Amino acid sequence: MGIAEIVLDSDLDDNKARSYRNGFTAALVAGFIVLSYQYWALGELAIETMGIFFSAALVFIISQFIYTRRQ
């Protein structure tokens, strides 16, 4: 059984799923603001900050895919 099936078979109700999506959206917005400020202030981007941002983006995309398959 893959991880998507485990997540889909869990007790993930609509409120919890919405809360996770909102959390990941907030993380993406915060990450984008930090990356924008860092690029504006320093003229370059740190690889660690970019890694956190793209990790949050990847998890958000996966969670959206799993949520849409669930409905």
Side-chain angles (χ1 to χ4, degrees):
M1 180 182 288
I3 192 158
E5 289 82 15
I6 293 170
V7 170
L8 292 176
D9 288 340
S10 69
D11 62 342
L12 186 67
D13 62 352
D14 288 336
N15 289 333
K16 188 183 270 188
R18 188 176 305 115
S19 174
Y20 288 155
R21 285 195 318 274
N22 290 344
F24 286 126
T25 301
L28 287 174
V29 170
F32 183 74
I33 291 170
V34 168
L35 286 174
S36 299
Y37 176 75
Q38 184 180 28
Y39 187 72
W40 173 75
L42 303 175
E44 62 184 33
L45 297 173
I47 192 71
E48 296 87 3
T49 309
M50 289 176 54
I52 293 168
F53 176 75
F54 287 115
S55 296
L58 180 64
V59 170
F60 179 76
I61 291 168
I62 291 170
S63 69
Q64 286 295 97
F65 175 74
I66 290 173
Y67 180 74
T68 55
R69 279 190 57 190
R70 184 174 168 264
Q71 290 186 349

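Keep in mind that this is a model prediction, so the values were computed, not measured.
- Sparse packing is recorded around CD1 of I47, with 12 or fewer heavy atoms of other residues, nucleotides or ligands lying under 6.0 Å away.
- F32 is connected to Y39 through a chain of hydrophobic side-chain contacts under 4.5 Å among Ile, Leu, Val, Met, Phe, Trp and Tyr, so both are in one cluster.
- When all heavy atoms of S55 and G51 are compared, the pair lying nearest together is OG-O, 2.7 Å.
- Hydrophobic clustering (ILVMFWY, side-chain heavy atoms < 4.5 Å, transitive): V59 and F54 are in one cluster.
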